[in-house]
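Here is the structure we will look at, set down as structure tokens.
Naming: A, B, ... by sequence-line order, numbering from 1 per chain. Predicted, not measured: the structure shown is a model, and the values here were computed from it.
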Amino acid sequence: MGTKIANDVEINPVPAIEKGISEEEDMNVMKYLRGEAANLEVLQDKKLKGQLALREDLYGKSAKAAAKAEKWLMPSEGGYLEAEGIERTWNIKQETIAREVDLLGSRNQYDIILPDLGPYTLDFTPSGRYMTVAGRKGHMAIVDMKNMNLIKEFQVRETVRDVVFLHNEMFFAAAQKKYTYIYDRNGTELHCLKEHGAALKLQFLNKHFLLASINKFGQLHYQDVTTGEMVGNFRTGLGRSNVMQVNPFNSVVAVGHSGGTISMWKPTSSAPLVKMLCHHGPVTALAFHSNGHLMATAGMDRKIKLWDLRKFEVLQTLPGHTKTMNFSQKGLLATATGSFVQILRDFSGSQNYSRYMSHSIAKGYQIQKLAFRPYEDVLGIGHSMGWSSILIPGSGEPNFDSWVANPFETSKQRKEREVHSLLDKLPPETIMLNPTKIGSVKPTRKKEKPAKQEIEAELEGAVEAAKKASFKKKTKGRSKPSKVAKKKKEAVYKAKKPFLEQEAKGEGLSKKKRKNIEEENQLPRSLQRFARKRQAN
Amino acid sequence: MKVKVISRSTDEFTRERSQDLQRVFRNFDPNLRSQEKAVEYVRALNAAKLDKIFARPFIGAMDGHIDAVSCMAKNPSHLKGIFSGSMDGDIRLWDLASRRTVCQFSGHQGAVRGLTVSTDGRVLVSCGTDSTVRLWNVPVSSIMESNDSSNNSAKPLAVYVWKHAFWAVDHQWDGDLFATAGAQVDIWDHNRSQPVNSFEWGKDTAISVRFNPGEPNILATSASDRSITIFDLRLASPARKIIMRTKTNSIAWNPMEPMNFTAANEDCNCYSYDSRKLDEARCVHKDHVSAVMDIDYSPTGREFVTGSYDRTVRIFQYNGGHSREVYHTKRMQRVFCVKFSCDASYVISGSDDTNLRLWKAKASEQLGVLLPRERKKHEYLEAVKNRYKHLPEVKRIVRHRHLPRAIYKAASLRRIMSEAERKKEERRRAHSAPGSIPKEALRKRRIIEEVE
């Protein structure tokens, strides 16, 4: 349709009204189509064809409407950083950016120094409004990022290894020395989750309300936080792992092991979905892109690899050490080692990542965790002397959707959203590698006939089993050796019988065929057409 | 160096005064939403369950008759009223909102067999086994509303006596004539005491008659010789006739596609025909376990309601197979007549136990005025349920209906019998010369012949 309109534009002078239609080509309709249209030519059933054609038409219309809304109705534009002249984007320092940017933007750049309380790890709510930080020595805090308000801070006086928000800012979970705890926004301890034990890393699956944890023995626990039941406990079997991430596209949990393998898990199976050997040494960091196709892994072999998750192939290998990695909403990858942060970006959308920006925090500070703040151009850094935040233009999604995540949420909206998301809570069975398969038709599996060897093997197995079967010892002369031997012979014959029957059936057909061929060969050539033919159709 | 960072000012994104609505911003990017299909599936499952929770189709019963209800008629110009005639000659006009009798028309000596209302809604025509056709004045709406507590009695406008008992009556949709079915099919005018015209084909009684909604001169009748005949008033002789294997109890024309009609048959099925091509049924609607007594189309033309001798009322789709809905009550006995209300929201059934019952056409529909937000939510839930209704969990819930034990057993018995017949047919075909036993569709099988 696009080309047809383009041709018209060439031939006739386009009136002003119709010019709006030719701008359709600028709209990104493919993004909203969610896959390819079905091939309706192969359908024989006219009624079904008509119904499906109508539906495909409707999908096309809704995709066009969404593309139009994207083009004309979005309130904000994204951030950007362009270098001029001889300077390069990775040479630009944060101070220069802070000088050029407006007041609201420069407020997002700060360092908080808390020297005694251990390396800090942090987590953001999906709307980017609230942040929770936890220092290793037991200091926990929740901060409202919009006003830079400290909502609550408290000390638990024991080691805290990881902290995550649950479904909203009212609750968060902390992996402490012996057990995992769930706290309220006011610092009240709500639950002590003993089944998780001493977890190393925690992750929360938003749509399923599942809290996943991995401990130093490599045991993975899934717990439903609405009902409190343990949905799955699995032993990964691959040793100690302290790298765990959730793939936001399909909610599978990926665990990185010290053997260089990454295993992906779902709560309903005790065997991993995928096990892939990624690195020559232990895996040190893992990150997922929000579109579900891209995964970044880093190992002790000084390599950062970018994987395509559809084909499980390496797209790109970059050199470097990393302790932590994170993807932003717009696809920027932040990596950190020691006190140096590097941000990589694919400039042309071709999945080819190169240096975009870099930043060194004060020498001697060890970076523990990186997290991009959703819907803002901000990267949060948790390090051994507190936490910082730096500006990364172009990393956040400028336009949020109020029904998905609203940074300006009121308490009433938050309560409504909680109820709606509980009503839409997904059962753990819906977690799969390709979530678009739900509702699609399973392809029919053709049953293959077992090969001759297999049949023989099965026959032998059955005969062995029959021979091994022991008979009950009977009294009064009923278990004489002769009688027992007869019984055993009968049992072996019984076990063989089905196989013999099948053979007989199979041979019967070929016998007929053989007979026909024999007959044909016996007759002279001129009479071969009178050989007994099969029944005419 | 050019640099810009996202900075949102609170004023732009929050409301100014507390009396304003909250601001809503949309971004339809699929990357912001993961696992959409799983969420839709959960919503479909919940919608199916909610549907079942809110499914309360029975609204009320209207009692007053002292004998079985044999026929009903809708008033095309007044939505709230319905006429019903019973086996003892009593005709009543009911107000559906209050479920009370507004007016009683007494006069028939025997059973009232047919009721119909004229096009302008002023004249009620009734016929019965006492060989009379009576015309009554329908009381005007204002009088009906003010006097709805007292039982009014009306005198007939005219009484025409004829030679034979009548079985059914129907009025033209756009004219002044009405037709009665008995030993012959007679065409009457309001003012004449004798039929204007008479049609006969064969020696058997006609048991039901229906005028076509689109073409005022065409009518379909069914007779006790298992035939369905289509007459044209402008011709002297009947136009078309098909003979089936079993008798047709009632016929209804599709108001939106006037060339199609559906026949309610004694063999528990309903057959939809295209009147231009009568050699093959368009589709067969199978779900009842006993003879189908009456049938009526919804004004949308997309579904129809049937009442059967097996004490259930079923709602079918116009182009489909199995019934969408089945209504039954312990107190409802053999259903003799059904009507779909003119706004397609209600179904009225008249049965052997002297009651008329009012049901909702969509069992879980919320009656009354819906807010736009409620309506949108219902539409969304309906759409998402339809998208996933083929998945096993959702299908199990959507399909589930409670049936009385007798009907359940009868249905499984019928299934076993038809399976057995089918298997025997297959074996006969497999053991005979290929092509000697042709496969015949059910749509054709039940028709013996078409006579021109």
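- Enclosure of atom CZ in B/Arg429 by more than 12 non-hydrogen atoms of other residues, nucleotides or ligands within 6.0 angstrom is indicated.
- Side chain of B/Lys2 to backbone of A/Glu82: no donor-acceptor contact under 3.5 angstrom is found.
- Contact annotation for A/Pro75: only side-chain heavy atoms (C-beta onward) come within less than 4.5 Å of a heavy atom of chain B.
- Using a 4.5 Å cut-off between heavy atoms, A/Lys31 touches chain B through backbone and side chain atoms alike.
- Neither the backbone nor the side chain of A/Ile392 comes within contact range of chain B; no heavy atom of the residue lies under 4.5 Å from a heavy atom of that chain.
- At least one side-chain heavy atom of B/Asp29 sits under 4.5 Å from a side-chain heavy atom of A/Glu397.
- Contact of A/Thr410 with chain B is made through the side chain alone, with heavy-atom distances under 4.5 Å.
- One distance of note links CG of A/Leu426 with OH of B/Tyr41; it measures 11.0 Å at 0.5 Å rounding.
- Considering all non-hydrogen atoms of both residues, A/Pro393 and B/Val5 come closest at CG-CG2, 4.4 Å.
- A salt bridge is absent between B/Lys4 and A/Asp377: the closest approach of a Lys/Arg side-chain nitrogen to an acidic carboxylate oxygen does not fall below 4.0 angstrom.
- Heavy-atom distances place both the backbone and the side chain of A/Asn291 under 4.5 Å from chain B.
- Highest contact tally toward chain B, considering only A/Lys207, A/Met432, A/Glu376, is held by A/Lys207 [criterion: heavy-atom pairs under 4.5 Å].
- Contact of A/His289 with chain B is not made at all, since no heavy-atom distance falls under 4.5 Å.
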**Asked** Should B/Val42 and A/Lys425 be marked as a side chain to side chain contact (heavy atoms under 4.5 Å, CB included) after you check the CA-CA gap, both sets of side-chain angles, and the distance that decides it?
**Response** CA-CA 8 Å; B/Val42 168; A/Lys425 181 177 96 160; over 6 Å; no
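- When the candidates A/Ile431, A/Asn406, A/Leu104 are compared by the number of heavy-atom contacts under 4.5 Å with chain B, A/Leu104 comes out ahead.
- Atom OH of B/Tyr380 has more than 12 neighbouring heavy atoms from other residues, nucleotides or ligands inside a 6.0 Å radius.
- The CG atom of B/Asn46 lies 7.5 Å from the CG atom of A/Asp424; values are rounded to the nearest 0.5 Å.
- Between chain B and the residues A/Lys437, A/Gln329, A/Arg107, A/His208, the largest count of heavy-atom pairs under 4.5 Å involves A/His208.
- Side-chain contact annotation: B/Asn31 with A/Ser290, donor-acceptor N/O pair under 3.5 Å absent.
- When the candidates B/Glu40, B/Gln22, B/Arg23 are compared by the number of heavy-atom contacts under 4.5 Å with chain A, B/Gln22 comes out ahead.
- Interatomic distance, OG of B/Ser7 versus CG of A/Leu391, reported as 10.5 Å (0.5 Å rounding).
- Heavy atoms from other residues, nucleotides or ligands lying under 6.0 Å from CZ of B/Arg401 number more than 12.
- Side-chain contact check for B/Val24 versus A/Trp403: some heavy-atom pair is nearer than 4.5 Å.
- Heavy-atom pairs under 4.5 Å with chain B were tallied for A/Ser395, A/Pro398, A/Gly394; the largest tally goes to A/Pro398.
- Heavy-atom neighbours of A/Glu77 CD from other residues, nucleotides or ligands within 6.0 Å: at or below the threshold of 12.
- The number of heavy-atom neighbours closer than 6.0 Å to CD of B/Glu419, taken from other residues, nucleotides and ligands shown, is above 12.
- Within 6.0 Å of CZ in A/Arg55 there are 12 or fewer heavy atoms belonging to other residues, nucleotides or ligands.
- Nearest heavy-atom pair, A/Gly396 versus B/Ile6, reported as atom, atom and distance to 0.1 Å: O-CD1, 3.5 Å.
- Between B/Glu36 and A/Arg34, at least one side-chain nitrogen of the basic residue sits less than 4.0 Å from a carboxylate oxygen of the acidic one, meeting the salt-bridge criterion.
- Aromatic rings from B/Phe25 and A/Phe400 are positioned such that their centres are separated by under 6.0 Å.
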**Request:** Check the pair A/Phe408 / B/Arg8 against side chain to side chain contact (heavy atoms under 4.5 Å, CB included), numbers first and verdict last.
**Result:** CA-CA 10 Å; A/Phe408 299 95; B/Arg8 296 192 189 92; 3.9 Å; yes
**Message:** Show, in sequence, the C-alpha distance, side-chain angles and deciding distance for A/Asp401 and B/Arg33, and conclude whether the side chain to side chain contact (heavy atoms under 4.5 Å, CB included) test is met.
**Reply:** CA-CA 10 Å; A/Asp401 189 323; B/Arg33 303 158 169 79; 2.3 Å; yes
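- Interface residue B/Leu32: backbone and side-chain heavy atoms are both found under 4.5 Å from chain A.
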**Message:** With side chain to side chain contact (heavy atoms under 4.5 Å, CB included) as the criterion, how do A/Leu423 and B/Arg43 come out once you've worked through the C-alpha distance, each side chain's angles and the decisive distance to 0.1 Å?
**Reply:** CA-CA 8 Å; A/Leu423 285 173; B/Arg43 285 183 184 164; over 6 Å; no
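- Side-chain contact check for A/Thr430 and B/Gln35: no donor-acceptor pair (N or O, by modelled atom type) lies under 3.5 Å.
- Looking only at heavy-atom pairs under 4.5 Å with chain B, the residue among A/Pro435, A/Pro374, A/Ser402 that has the most is A/Ser402.
- Across all their heavy atoms, A/Phe249 and B/Ser34 have their closest contact at O-CB, 3.7 Å.
- For A/Leu103, the CG atom is loosely surrounded, since the number of other residues' heavy atoms within 6.0 Å does not exceed 12.
- Counted within 6.0 Å of CZ on B/Arg445, heavy atoms from surrounding residues, nucleotides or ligands total more than 12; the atom is thus considered enclosed.
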